[in-house]
Amino acid sequence: MTDATRVLVLNAGSSSVKYQLIDMVDGARLAAGLVERIGESNGRLAHTPRAGDPRETVQVFPDHGAALKAVAEELAADGLGLDSPELAAIGHRVVHGGQRFTAPTLVTDEVLTEIRRLIPVAPLHNPANITGIEVARSLRPDLPQVAVFDTAFHATMPEYAARYAIDKVVADQHRVRRYGFHGTSHQYVSRATARLLGKDPAEVNVIVLHLGNGGSASAVAGGVCVDTSMGLTPLEGLVMGTRSGDVDPGVVFHLHRVGGLSIDQIDELLNRRSGLLGLCGDNDMREIMRRADGGDADAKLAFDTYIHRLRKYLGGYYAVLGRVDAIAFTAGVGENAAPVRAAACAGLDELGIAVDPELNSVRSGEARVISPEYGRVTVAVVPTDEELEIAQQSFALVHGA
Ligand code: AMP
């Protein structure tokens, strides 16, 4: 065991890279930042050191290699260069791990080949994640690179929850099944919720509602995921910022055959122009609530549709779990939008679910209970921290913990 205690977490998207350097001794953020618009004419790097003012660089980053080199320079300027012996590992968020990767994995050539083989089921995400790993490897070939998969936490779903009821041979041939996403968040939040209750994760059943621009729900029984709302891709499930969530697959045939839309156009419609945006022209919940309060009918419909779907999953996962100890709201909407939490739980006293209006209106970055004392189910707001979870999993793997 070395005394290297830092982990650099990289989350490489198609045109962006988010990063955090975390010290595992105390979980402190030593630096964090974001490179945006990689490959475009107006690239931007925003770097936030632990101490001192945030810095911004506006320049062209032709590719992920250039972006990561610029990140390395920013870190070096803070005395935190990638050549530091204190760096224990680089942890990478990888969106799709398929059925093979159900735990954090040390990156080797063979592992990279496998992640590449999963591109057909994650064409928007895995290529960028792979690029991030390749560039990081080239910068520090000697350092352990760990892939942490968004799908991994959901690998414990029973087969009947992971299957679509379609021809088994066709499904298996094309690896069509429900994988689920946001796994690192669901894992982190379900554990943090158990901590908030003063219990071991193995003792509690939790429904986690990850409501950000993307959104997903999961049913976690004794620390193990038993169902989640996203499926083969992150399109299934809840109404999201720009994604439709559940639709009858017949909608696709209809839009193609009758509407004349191509498959690519339908893909774009359901992923980028649907959800809250499609219903009312806005995908930011703050703006939607403001408009709805002002009497805007489209915004009200978008809010109500969002809540209706959320309640269907809440009720569904209650039945899946049988006994629910806690409901945890997390991510941008879940952590900040008190009216969403109130509406999601309204009228569910018979199920032991209630929200205390005063507790619900408290604004805080801490995990907190918002249900009244008489509530059988603890309703809580539990801020997610995917970067810390990735860092912890990477560090544990490197140190054989
Ligand atoms: P995330 O993907 O977790 O970063 O969440 C982003 C989303 O959170 C935004 O698109 C907003 O809809 C929502 N959000 C952020 N802050 C607030 C807030 N104060 N009230 C309501 N919604 C918020």
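When a ligand or atom number is given, it counts from 1 through the structure's own listing order. Just so you know, these numbers use all the heavy atoms, side chains as well, and skip hydrogens, waters and symmetry mates.
- If you number the atoms of ligand 1 from 1 as listed, the ones under 4.0 Å from a heavy atom of A337 come out as 21 (C).
- Residue contact check: G212 has heavy atoms under 4.0 Å from atoms 1 (P), 2 (O), 3 (O), 5 (O) of ligand 1.
- Distance check for atom 4 (O) of ligand 1: every protein heavy atom is found at 4.0 Å or beyond.
- If you check which protein heavy atom lies closest to atom 11 (C) of ligand 1, you get D284 OD1, 3.4 Å.
- Which of G332, G241, G334, A338 comes nearest to atom 23 (C) of ligand 1 through a heavy atom is settled by distance: it is G332.
- With respect to atom 20 (N) of ligand 1, the closest heavy atom belonging to the protein is R286 CG, 3.2 Å.
- Of all protein heavy atoms, the one lying nearest to atom 13 (C) of ligand 1 is V333 CG2, 3.6 Å.
- Using a 4.0 Å cut-off between charged side-chain N and carboxylate O, D296 and K300 make no salt bridge.
- Nearest heavy atom pair, residue H399 against residue A88, reads NE2-CB, 4.4 Å.
- Look at R163 and D172 and you find a salt bridge, because one of the NZ, NE, NH1 or NH2 atoms lies within 4.0 Å of a carboxylate O, short of that distance.
- When the heavy-atom distances from atom 2 (O) of ligand 1 to N213, L277, D282 are ranked, the shortest goes to N213.
- A perpendicular orientation is assigned to the rings of Y179 and H96, their planes being inclined by more than 60° (bins at 30° and 60°).
- The two residues A299 and A292 come nearest to each other via the heavy atoms CB-N, 3.7 Å.
- If you check which protein heavy atom lies closest to atom 19 (N) of ligand 1, you get N336 CB, 3.3 Å.
- Proximity of the aromatic rings of H154 and H182 is defined here by a centroid distance below 6.0 angstrom, and this criterion is not met.
- Of all the atoms in ligand 1, the ones that sit under 4.0 Å from a non-hydrogen atom of A331 are 3 (O).
- Comparing E335, M285, E287 against atom 12 (O) of ligand 1, the shortest heavy-atom distance belongs to M285.
- With Q145 as the partner, the side chain to side chain donor-acceptor pair (under 3.5 Å) test is satisfied by one option alone out of E134, H92, R137: H92.
- The backbone of N283, and not its side chain, has at least one atom closer than 4.0 Å to an atom of ligand 1 (non-hydrogen atoms only; backbone = N, CA, C, O).
- Here the OG1 atom belonging to T242 is positioned 9.0 Å from the CG atom belonging to L276, to the nearest 0.5 angstrom.
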